[in-house]
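The figures here come from the full heavy-atom set of this structure, side chains too, leaving out hydrogens, waters and symmetry mates.
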Amino acid sequence: MSSQLFQPLQGSDLLLMTPELTLVIAVIVMSIVDLLLPRRVNRSWIGGISLTAVLLSLGSVIWTLVDRYQDASAGHKVGVVELLGGSYRIDDFGLLIKVVLLIGTALVIGMSIDHIRESEIQHRGEYYYLLLPAVLGGLILASSADLITLFVGLELLSISSYLLVAIRKRDRRSTEGAFKYIVLGSTASAFILYGMSFLYGMTGTTHLGQIAERLAQNAGQLLPLLYISLLLLLVGFGFKIAAAPFHAWSPDVYEGAPTPIAAFLSVVSKGAVLALLFRLVFHILFGFHSVIGFGDPSSAGAILNEDMSLILLSIAAFSMIVGTTMALRQVKVKRLLALSGVANAGYLLVPVGLNIFQPTVWYSSSFSSFWYYLIAYVFTTIGAFAILAIVSKGAGHEELKCFAGLYYKAPWLAVAMTIFVLSLAGIPITAGFFGKLYILLGAVATHTLWLAIVMMVTSVISFYVYFGFIRQMFMRNSESGSYSQTVQVHGTESEVSKGQVESANLERIHVSVASGAVVALSAAAVILLAIFPNELMTWVNTLLSLANDIYAASYSKV
């Protein structure tokens, strides 16, 4: 074992870490170039470099996934590669999560290229190359199998996000939101570290697999401390993903952050931490449960798993209820989408918390339903934020009424926004519907009927929230709701007709190529995911096995 620990990295190992190394090299190059260039030189082109780096990283991940899928389809055993003494894993779980995180980051950069030109962000170079360390932290979280690498990735993501929230110049809301985010985020990190210290103290190791094995060997004596440790971790992660009752910071932070950064926090940051929580919960509980025994419902492993499942599902249900009900009377769109994110954190926690280890149940599609809903949520939410950035620029504010009459000003934007809100509401023919359906079927399959009822009730209530956008876009033609009003046309005030108002308002909607591409790609993805849901789920299930990808390793290096 010691020879493996000190074995140098080989070229093949570096090739497997191409996605992470691509981002590291890009950040170094961009920061040096930005430092050396004169201040008068426009930094907008750095956004193109950052987007290129993210796309290259995404291409590398997809290439590896396709190669592994071909091997799996041919019946070959696809192994897990462990690097850095087993602390870093290259497996299908991590690769699939990286696809989602990199797609989300690419879309965020795409909408940023247009948005920050008109905003009060002075240091544009820093804005772009701070996004790359943030997503790099997410990639590390997706592949971490050790508490040390896990925390390094988490803090890299968190610290970069703190800076991005506060990047607006002389903006009181941005400063206030960043202050709250730093204080509460640091508190959450303290909870996570405290929980990790219990795990290390009980086992003497930071490796997740070894933690599970050593906990199982001393189940009776360590069970009370294990409960304390896992509860501390859940509190910390609950803050990070803005799950109720740890969500109070999110509306203020989203409102103060630049719109692309709010989208980043909503999908990339939340998705990375949820993926980490998925791996941590399943890795420890599976290892603990497998040693103690699956068939004995009175065993310590079965009791622990049942209790942790109940706690996670209770947080999920509470998040759905709080996020949906608090959004009912919200008129500021960023705060509304933040509360929508609280509810969606609840939906995404359901596959993590489902008790798949019951004696009479083995539910193997937990990850595929989690991944499908996560990628659907990424496209839906980023598309909605992109349209908000477009329409709020002309309106001068970010309240719901800025969408008034959007159908008359830019019909295709109104249609795209309709697709996004229908997906968030879980209406058929959208990806959001199938994502919620798969999660609902998982709850039913594991006999968690009370949670299925909560999901259906909160989804119905959310119709009122999301249909407010449709009411504004199609049933109003101005922020005041009138169809004939006095507007200023060519410098003079006059009473104009509905058609003239539409013509005048139409000129205020300017959609750049980058923002238009983000909206179009997101809307197309939401529809395509809904057309081919079974094919995508089959592909994920063929590629990934919980037992092999999360718990087992075929060989280790370094």
Side-chain angles (χ1 to χ4, degrees), residues 242 244 247 250-252 254-255 259 262-263 266-267 319-347 376-377 379-433 435-436 455-483 485 501-502 505 508-509 519 522-523 526:
H247 68 287
S250 60
D252 293 330
Y254 282 38
E255 186 179 17
T259 302
S266 183
V267 294
S319 298
M320 295 178 209
I321 295 169
V322 170
T324 303
T325 54
M326 289 186 66
L328 287 173
R329 299 181 61 84
Q330 189 57 249
V331 296
K332 294 184 178 180
V333 179
K334 276 188 181 179
R335 300 180 73 88
L336 189 153
L337 291 175
L339 293 169
S340 171
V342 174
N344 279 283
Y347 293 123
Y377 178 65
F379 283 114
T380 301
T381 304
I382 291 182
F385 272 108
I387 295 180
L388 171 64
I390 293 169
V391 299
S392 63
K393 186 188 302 183
H397 61 84
E398 296 172 341
E399 294 185 6
L400 190 59
K401 61 183 179 180
C402 74
F403 286 86
L406 184 61
Y407 175 73
Y408 304 108
K409 304 172 189 177
W412 80 274
L413 281 181
V415 171
M417 191 65 186
T418 301
I419 293 172
F420 298 140
V421 297
L422 291 179
S423 183
L424 286 170
I427 301 297
I429 75 164
T430 63
F433 166 77
K436 289 184 178 180
M455 288 183 64
M456 289 187 288
V457 171
T458 53
S459 293
V460 171
I461 295 174
S462 71
F463 292 171
Y464 179 83
V465 176
Y466 299 122
F467 276 49
F469 289 94
I470 297 177
R471 185 170 58 252
Q472 290 288 337
M473 292 186 296
F474 293 93
M475 301 178 187
R476 304 284 190 275
N477 88 310
S478 68
E479 292 187 5
S480 63
S482 61
Y483 282 85
Q485 58 181 299
V501 171
E502 295 166 6
N505 286 343
R508 302 176 189 173
I509 300 294
V519 173
S522 299
V526 171

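For the pair S392 (side chain) and L388 (backbone), a donor-acceptor distance under 3.5 Å is present. Counting only distance, with no hydrogens or angles, the side chain of T325 and the backbone of V322 share a donor-acceptor pair below 3.5 Å.
If you take OG1 on T418 and CE on M473, they are separated by 3.5 Å, rounding to the nearest 0.5 Å. Between atom CZ of residue F467 and atom CE of residue M475 there is a gap of 9.5 Å, rounded to the nearest 0.5 Å. Going from atom CZ of F385 over to atom OG of S522 covers 12.5 Å, rounded to the nearest 0.5 Å. Distance CG/L406 to CD1/I470: 12.0 Å, rounded to 0.5 Å. Between the CG atom in N344 and the OH atom in Y347 there is a gap of 7.0 Å [rounded to 0.5 Å]. With values rounded to the nearest 0.5 angstrom, L336 atom CG is found 9.0 Å from L328 atom CG.
Side chains of S423 and Y377: a donor-acceptor N/O pair is absent below 3.5 angstrom, by distance only.
Within the 4.5 Å cutoff, no side-chain heavy atoms of F379 are placed close to those of V267. Within the 4.5 Å cutoff, the side chain of S459 has heavy atoms near those of the K436 side chain. At a threshold of 4.5 Å between non-hydrogen side-chain atoms, the residues L422 and I429 do not count as touching. Within the 4.5 Å cutoff, the side chain of S340 has heavy atoms near those of the L424 side chain. Considering only heavy atoms from C-beta on, P251 comes within 4.5 Å of L339 through its side chain. In this structure, the side chains of I427 and F463 come closer than 4.5 Å at one or more pairs of heavy atoms.
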> Can you list the steps and then say if L400 with Q472 is a side-chain contact (heavy atoms from CB on, under 4.5 Å)?
Replying inline: CA-CA 8 Å; L400 190 59; Q472 290 288 337; 4.1 Å; yes
>> Before you tell me yes or no, could you show the steps for M326 and H247 under side-chain contact (heavy atoms from CB on, under 4.5 Å), namely the whole-Å CA-CA distance, both residues' side-chain angles and the distance that decides it to 0.1 Å?
In response: CA-CA 11 Å; M326 289 186 66; H247 68 287; 3.6 Å; yes
> Yes or no on side-chain contact (heavy atoms from CB on, under 4.5 Å) for T381 and L337, after CA distance, side-chain angles and deciding distance?
Replying inline: CA-CA 8 Å; T381 304; L337 291 175; 5.6 Å; no
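Using a 4.0 Å cut-off between charged nitrogen and carboxylate oxygen, E255 and R335 count as a salt-bridge pair. Ion pairing between E398 and K334 holds under the 4.0 Å rule for side-chain N and carboxylate O.
For the side chain to side chain contact (heavy atoms under 4.5 Å, CB included) test, residues two or more places apart in sequence or in another chain that qualify with A523 are A416, I419, F420. With sequence neighbours excluded, no residue forms a side chain to side chain donor-acceptor pair (under 3.5 Å) with Y407. In this view, T324 and A343, T458, I461, S462 satisfy the side chain to side chain contact (heavy atoms under 4.5 Å, CB included) rule, not counting sequence neighbours.
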